Amino acid sequence: MAFWLFKSEPSTWSWQDQIAKGAAGEVWDGVRNYQARNFMRQMQIGDRGFFYHSQEEKSIIGLVEVIHAAQQDPTTDDPKWQCVTIKALQALPNAVSLYQIKALPALADMVLVRNPRLSVQPVRVEEWRIILEISGLNPPG
DNA sequence: GCCAACGTTGGC
DNA sequence: GCCAACGTTGGC
């Protein structure tokens with residue numbers, strides 16, 4: 001199983017919106033960045049992800065699961081753009097802020113720190129575990 | 001194929 | 001509101 005991070009502006013698509021979709025989930029559409037698309041192509045059903053709010057909050061606030069592999073992005077007819085479907089699993093007991101992440105040397109190499117603009121990112125398993133621990137989720141996973 | 005110009009994103 | 005970083009576009 002691989003781990004990812006999905007970044008969203010809460011004013012456009014929020015964690016609450018994602019929760020509201022329930023088990024059916026929602027397509028992560030609208031991505032027009034090759035790196036982000038390529039990561040989505042690598043995703044498999046059952047992969048886990050962080051849900052991150054940019055802008056004001058700048059925090060990881062929830063966990064999601066990939067429930068459908070990459071398919072045609074419904075917001076365009078251009079076949080080069082695909083997107084996965086994700087569903088909300090649970091909110092983190094405590095949101096983990098970008099400030100907290102930057103304060104930890106072990107997380108200094110996170111893509112979120114290195115390239116905060118990338119909307120879909122890979123997360124290393126060590127990074128995944130550390131963030132879950134900070135969030136108060138135990139045991140991690 | 002290179003690179004300058006431009007637009008977008010997101011942190012501060 | 002500003003600016004740095006990044007990706008894309010288009011002229012050459």
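All figures in this text were calculated on a predicted structure; none of them were measured in a lab. Labels below follow one simple rule: chain letters A, B, ... track the order of the sequence lines, proteins then strands, and each chain is numbered from 1.
The backbone N or O of A:Phe39 lies less than 3.5 Å from no partner atom in the side chain of A:Gln42, so there is not a single donor-acceptor pair. With hydrogens and angles disregarded, a donor-acceptor distance shorter than 3.5 Å links the side chain of A:Asn94 to the backbone of A:Ser135. Of the possible polar contacts, one joining the A:Gln72 side chain to the A:Thr76 backbone as a donor-acceptor pair under 3.5 Å is found. Distance alone, capped at 3.5 Å, is enough to place a donor-acceptor pair between the A:Ser8 side chain and the A:Trp13 backbone.
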- Query: Does the pair A:Trp4 and A:Tyr52 meet the rule for a ring pair (Phe, Tyr, Trp, His ring centres under 6.0 Å), with working shown?
  - Reply: CA-CA 11 Å; A:Trp4 311 93; A:Tyr52 177 84; over 10 Å; no
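Near DNA chain C, meaning a heavy atom under 4.0 Å from it, residues 30-37 of chain A has A:Asn33, A:Tyr34, A:Gln35 in order of number. Listed by residue number, A:Arg114, A:Asn115, A:Arg117 are the residues of residues 108-124 of chain A with a heavy-atom contact under 4.0 Å to DNA chain C.
In this structure, A:Phe6 has its ring center at least 6.0 angstrom away from the ring center of A:Trp15. Between A:Phe51 and A:Trp28, the ring centre distance stays below 6.0 Å.
Here the SG atom belonging to A:Cys83 is positioned 6.0 Å from the CE atom belonging to A:Met40, to the nearest 0.5 angstrom. Distance CD1/A:Ile86 to CG/A:Leu63: 11.0 Å, rounded to 0.5 Å.
Between the side chains of A:Arg32 and A:Thr75, a donor-acceptor pair is found at a separation under 3.5 Å.
If you walk DNA chain C from 5' to 3' and mark each nucleotide with an atom closer than 4.0 Å to a heavy atom of chain A, the marks span C:dA5 to C:dT8.
If you check every strand for non-hydrogen atoms under 4.0 Å, A:Tyr99 touches nothing.
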